[in-house]
Number of protein chains: 2
Amino acid sequence: MAELTLEDIAKKVGVSRSTVSRVINGSLNVNSEIRRRVMDVIHETGYHPNAAARSLASQRSGVIGLMLPRSVSSFFTDPFFPQLTQGVAYGCNKNDLTLSLYLVGNKEDEEKIYPRISRRGLLDGILIQAGQPDDRLIDYLDHSRVPNVILGRPFVLNGANYIDVDNIEAAANATRHLIKLGYERIATITGTQNSAVTLDRLEGYTLAMKQAGREIDDSLIVEGDFTEGGGYEAMQRLLPARPDAVFSASDIMAVGAMRAVQDAGLEIPGDIAFVGFDDIPMASSAVIKLTTIRQPILQFGIKAVELLLDIITNGKQPARRVMLETELVIRESCGCHKVNI
Amino acid sequence: MAELTLEDIAKKVGVSRSTVSRVINGSLNVNSEIRRRVMDVIHETGYHPNAAARSLASQRSGVIGLMLPRSVSSFFTDPFFPQLTQGVAYGCNKNDLTLSLYLVGNKEDEEKIYPRISRRGLLDGILIQAGQPDDRLIDYLDHSRVPNVILGRPFVLNGANYIDVDNIEAAANATRHLIKLGYERIATITGTQNSAVTLDRLEGYTLAMKQAGREIDDSLIVEGDFTEGGGYEAMQRLLPARPDAVFSASDIMAVGAMRAVQDAGLEIPGDIAFVGFDDIPMASSAVIKLTTIRQPILQFGIKAVELLLDIITNGKQPARRVMLETELVIRESCGCHKVNI
DNA sequence: TAAAGACGTGGGAGCGCTCTCACGCTTTAT
DNA sequence: ATAAAGCGTGAGAGCGCTCCCACGTCTTTA
């Protein structure tokens, strides 16, 4: 059997192409008896409209893209991205959208992916993970007129639509918690130097420290790279500065850092307390349960899809900024019992 | 400016639509001077062909799908799937394909996703992760004529094209390693009961044991569920049986199980040795470095894409089965030094 | 009672490509 | 010298939908 078309269905029912199209697209003005008969034939025959034809005629594909730039090499080492992807996928399912995933591996991929994104007719819009400041992609997208939403605050704003969690406030909150618990030498392990997330979380730390009248001691600020190994090494560099508490800019780095602390023969939270960021599943299942900032990662993905949909329908003006709230989840690693008990 | 079309480019250069199309599609029979001029105009104008129109006319979309069924709920707890996704993404990049990701969250999603997949014109083919035996999807796909490749051995074969690692041999290999090291009470933590991977890895374990003349002791076989928590609980159930070595059907379960062992005040590998399966990044970065079976996960994804491409081009007959080799990676958790030093 | 509106339906045009065929020209074989 | 084959090009048809307009029928309003 050849592939069925709208016209075939119409012929079988004895109506016109247009009527069948109306039934499929849920138009109101169709006689209910005819609607029923059309539906029946569609189910019997297992007919599905051709997506390409539909996209071409309607100028809408029902597909959105999710792009994770090259700088996000940690796709499979940090559970953050899989979870984000899942959130976006759910958002797509909810809104009857199909998700295209663009994982950029290397420079070569990058060259190939750009044109694929700008090709009209394939994507109705795209979600892009914010990356390094030198990321050419966001510029590139401003020129092409593909509706887009940046996941996370981009470095240069100029009119960009983005969604982000309030990293500054969240980090400040985490730091304040450690301050309140009476720790004297509170350190922080930051993320990769030149990313907005890193900057914001560091700013939150600094803010809370200053507000509490504490000096900022540079030896208590070390750079990680959002990987477990990076956290381990950062902690090794940090140990000589004798911190009694650490705010880590991501859970996965905190896990690495805690391992370094244990390897050094110290206790958590007895000798060094920890607060992380993300609340990945491992945070609650690790040997020492991690106190951390919970990001609504699934919600983040879902909201991002909805924001993009809004832009697709109503245009990118005015620029939209969505901020999501976070929450401090208290477990064992911060040593709360010190004061509570 | 309105969107450019082929015809616009043709007019600017002073040739016909057909010639521009030939240039874009790399046809040989084009005068090189004209080709150059066409290329120039394309670059100047930033023209990109419309994907929908192209798909409609050529009956090829250049998009393939990756479907992870509902039973794969562990998308973001087990790094296996993100890594697999990455492999598939690289395979797509290499072959100038776009990847659509279908993550099924719940029953409702499932209903919505089926028709999206069968819609012609959107997908050239699809990769499906093998799941439970009652998975309706694979049946469903056999009826629709979407070219497909199953990732992992499906329960019912009938003509299915699939790619898998040799789980039986790999598991046997892992078990033989423990046997060779002189362990007496070798246990295994299996995956979710009714999945082909679980069955195969268990069969490998049984095979190696029998070949070595060992009795199969049912109290040394416990079921996990491919999560860290599941591994922890499985190990707790296993401890009373006093194993001195464990082959875990996945690394992430091994990590959980090792935690249970430590929580029980026992040493690894001194009291209980471990071999895992997968070689996820955590295996080499955990506190106790895990001896494990390395699956070529990235390769797996890339090969899967190539296999699918072959099927798209040359038809699904004859059925193809691709088997990938694995490798035993020896680290600390198996206690190799016991015999070597 | 006639004009105006609402409703349900059909048909044509068109979305922007690819693909086949036909045409004229040049090169090669007979 | 002539036929055959090859090359580069253009034009037409068609991929399977959506969208708009026109048309007939029935209902509402002045």
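All heavy atoms count here, side chains included; hydrogens, waters and symmetry mates do not. Labels below follow one simple rule: chain letters A, B, ... track the order of the sequence lines, proteins then strands, and each chain is numbered from 1.
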Considering residues at least two apart in sequence or located in another chain, which fulfil the salt bridge (charged side-chain N to carboxylate O under 4.0 Å, His left out) criterion with A:R37? none
For B:E325, all residues meeting salt bridge (charged side-chain N to carboxylate O under 4.0 Å, His left out), sequence neighbours excluded: none
[X]: side chain to side chain contact (heavy atoms under 4.5 Å, CB included) partners, not counting sequence neighbours:
X	result
A:E110	A:R70, A:V104, A:K107, A:Y114, A:R136
A:Q299	A:P296, A:I302, A:K303
B:R320	B:N161, B:L307, B:D310, B:I311, B:N314
B:V146	B:I126, B:L141, B:S144

Tabulate protein N/O versus nucleotide N/O from nucleotides 19-23 of chain D, keeping only pairs under 3.5 Å, one per line.
none

For the helix from C:dT1-D:dA30 to C:dT30-D:dA1, what angle lies between the axis at the first five pairs and the axis at the last five pairs, to 10 degrees? 40°
Given side chains that start at C-beta, do those of [X] and [Y] come closer than 4.5 Å, heavy atoms only?
X	Y	answer
B:N31	B:T19	no
A:I128	A:L151	no
A:L84	A:Q129	yes

Please check if the side chain of B:R120 supplies one atom and the backbone of B:Q59 the other of a donor-acceptor pair under 3.5 Å. no
So the contacted stretch of DNA chain C, first to last nucleotide with an atom under 4.0 Å from a non-hydrogen atom of chain B, runs from C:dG16 to C:dC19
The complete set of ring-ring contact (aromatic ring centres under 6.0 Å, His included) pairs with one or both residues in residues 24-51 of chain B, sequence neighbours excluded, reads none
According to side-chain hydrogen bond (donor to acceptor under 3.5 Å, both in side chains), who are the partners of A:E33, at least two apart in sequence or on a separate chain? A:R36
Base, sugar-phosphate alone, or nothing: which one does A:Q59 contact when heavy atoms must sit under 4.0 Å apart? sugar-phosphate
DNA chain D nearest-nucleotide lookup for B:V30 and B:L56: closer to the 5′ end is B:V30
B:S100 versus A:S100, side-chain donor and acceptor atoms under 3.5 Å: yes
For DNA chain D, the residues among residues 31-43 of chain A that have a non-hydrogen atom under 4.0 Å from it: none
Separation of B:R119 atom CZ from D:dT18 atom C1', in whole Å? 14 Å
